Amino acid sequence: MGSNSNNNTTLQDLATLAGVSVSTVSRALNDHPLISTRTKQRVWALARDHDYPFKPTMPAGPIGAVGSIAIVTPVMRGRPLPLSHPFFLELLANIGEAARERDCDFTVSHTAPTSFDDLVANTTTSRADGVIFLGQSTLHDEFNRLAETNARFVVWGAQLPGQRYCSIGSDNLLGGGRATRHLARLGRKRILFLGGSDPEATQRRRGYVEALAESGLQADPDLIVPVEFELESADAAVSGLLRRDIPFDGVVAASDLIALGAMQALRRGGKSVPQDVSVVGYDDMLLSRLSTPTLSTVRQDTFAAGRLLVSRIMDKDDHQESKRLPTELIVRESCGG
């Protein structure tokens with residue numbers, strides 16, 4: 001789509017080329033429902049071919065869509081969230097399916113906000129009906145400020161104290177606790193927690209600590225290890241523990257990718273999963289069903305999440321309430337019971 005400000009193509013030019021009135025061209029470019037799809041297609045093709053300067057208010061996506069949503073990923077630990085992350089690919093797919101059911105377009109933005117001004121730009125310079133932010137990063141206070149504006153947005157993430165904006169996410173506290181209690185019931189005494197400092201992982205860690213106390217187990221600071229949401233970080237952390245001979249017989253990981261990295265390090269270190277160490281992940285990604293051994297995990301309902309995130313943007317009468325999705329412990333081979 002061209003937008004060269006130096007071009008001279010006018011509505012009148014397009015009207016002459018298309019053989020219709022200027023008002024028909026204007027309505028076609030703005031996706032007016034009274035103009036036929038065939039006429040819109042002809043006018044848009046001519047406008048693109050002649051580098052017509054589209055206005056920001058004109059639809060950016062295919063004509064005929066009921067609405068459009070922008071997907072934005074905030075910066076996490078100094079860099080944009082990798083779009084290749086398997087969990088977010090599954091969440092994106094479910095957002096896309098929910099949007100498609102409603103004849104709605106969605107685009108993944110190239111931006112990665114790090115400040116309040118960035119969030120404002122994301123919600124005011126887009127042609128979309130609203131923005132879905134995938135993750136809170138460290139922007140909780142900034143999202144609270146954004147909620148005081150008329151910006152239409154929703155966040156995939158945790159429910160935090162004093163929150164004034166709408167977020168959709170799983171019950172992280174319950175999920176982290178459920179995984180930990182399961183390992184304790186299996187007789188595991190030295191349970192390791194692997195996770196980052198983002199709000200969701202922090203809540204999963206809290207659930208882990210509370211479940212240890214309920215199970216009569218001591219929380220050992222050596223067994224709470226910060227890692228990134230990636231396989232290599234977990235692999236390096238677990239390899240370090242094995243080298244230092246720090247004993248553990250269970251792992252609660254804040255994501256499936258972290259759990260798979262831990263299993264990789266354990267296998268290389270001569271430890272058997274689940275005989276020596278039981279492992280539980282979090283997310284229930286497709287990969288967790290394909291690993292060897294198959295990974296026990298806490299399921300997040302990304303299908304329901306996609307529908308809720310889209311409805312919070314597209315349903316104008318939606319009350320914008322935050323919602324915690326239920327979690328489910330899926331027991332597979334990596335627990336041994």
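The chain is numbered in sequence order, starting from 1. Source: prediction; values computed, not measured. Just so you know, these numbers use all the heavy atoms, side chains as well, and skip hydrogens, waters and symmetry mates.
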Review point. Are R190 and D220 close enough for a salt bridge, meaning some N to O gap below 4.0 Å?
Key: yes
Under 4.0 Å between a side-chain nitrogen and a carboxylate oxygen: does that hold for D105 and R100? no
Check your understanding: Under a 4.0 Å N-O cut-off, is there an ion pair linking R178 with D171?
Key -> no
Backbone N/O of D284 and side chain of D256: donor-acceptor pair under 3.5 Å:
yes
- request: Measure from the side-chain N and O atoms of R188 to the backbone N and O of D249, and report whether any donor-acceptor pair falls under 3.5 Å.
  value: yes
Next on the checklist: Treating T111 as the side-chain partner and P113 as the backbone partner, does any N or O pair qualify as donor plus acceptor under 3.5 Å?
Outcome noted: no
Salt bridge check, D283 against R299: does any charged N sit closer than 4.0 Å to a carboxylate O? no
*asked:* With a 6.0 Å cut-off (strictly less than), is the heavy-atom count around CZ of R289, excluding the residue itself, greater than 12?
replied: yes
message = So does T327 get a backbone contact from the side chain of S170, meaning a donor-acceptor N/O pair under 3.5 Å?
response = no
*Determine whether I35 and L46 fall in the same hydrophobic cluster, where Ile, Leu, Val, Met, Phe, Trp and Tyr are linked whenever their side-chain heavy atoms lie under 4.5 Å apart.*
no
Within a 6.0 Å radius of atom CD on Q218, are there more than 12 heavy atoms belonging to other residues, nucleotides or ligands?
no
- Determine yes or no for a side-chain-to-main-chain donor-acceptor pair under 3.5 angstrom, with N172 supplying the side chain and A158 the backbone. no
Aromatic ring proximity F133/F143, centre distance under 6.0 Å:
yes
Smallest heavy-atom separation, C166 atom then R312 atom, equals SG-NE, 3.6 Å
*asked:* Assigning hydrophobic clusters by single linkage (Ile, Leu, Val, Met, Phe, Trp, Tyr; side-chain heavy-atom cutoff under 4.5 Å), is W156 placed with V72?
replied: no
task = May I ask you to decide whether E97 forms a salt bridge with R307, counting only side-chain N to carboxylate O separations under 4.0 Å?
result = no
Check: Is there a path of hydrophobic side-chain contacts, each under 4.5 Å between heavy atoms of I, L, V, M, F, W or Y residues, that connects L192 with I258?
Finding: yes
Hits for ring pair (Phe, Tyr, Trp, His ring centres under 6.0 Å) against F248, two or more places apart or cross-chain, chain-then-number order -> none
Donor-acceptor contact present, side-chain S296 to main-chain R332, <3.5 Å: yes
message: Are V108 and V310 linked, directly or through intermediate hydrophobic residues, by side-chain heavy-atom contacts shorter than 4.5 Å (ILVMFWY only)?
response: yes
Discussion item. Taking L286's backbone N and O only, do any of them form a donor-acceptor pair with E90's side chain (distance below 3.5 Å, no angle check)?
Written reply: yes
- Item | Verify same cluster id: L242, V252 (apolar side-chain graph, 4.5 Å) | yes
Donor-acceptor pair, side chain of T297 and main chain of Y282, under 3.5 angstrom
yes
- [ ] Evaluate the criterion side-chain contact (heavy atoms from CB on, under 4.5 Å) for residue pair L325 and I168; output intermediate values, then yes/no.
- [x] CA-CA 8 Å; L325 296 166; I168 305 295; 4.2 Å; yes
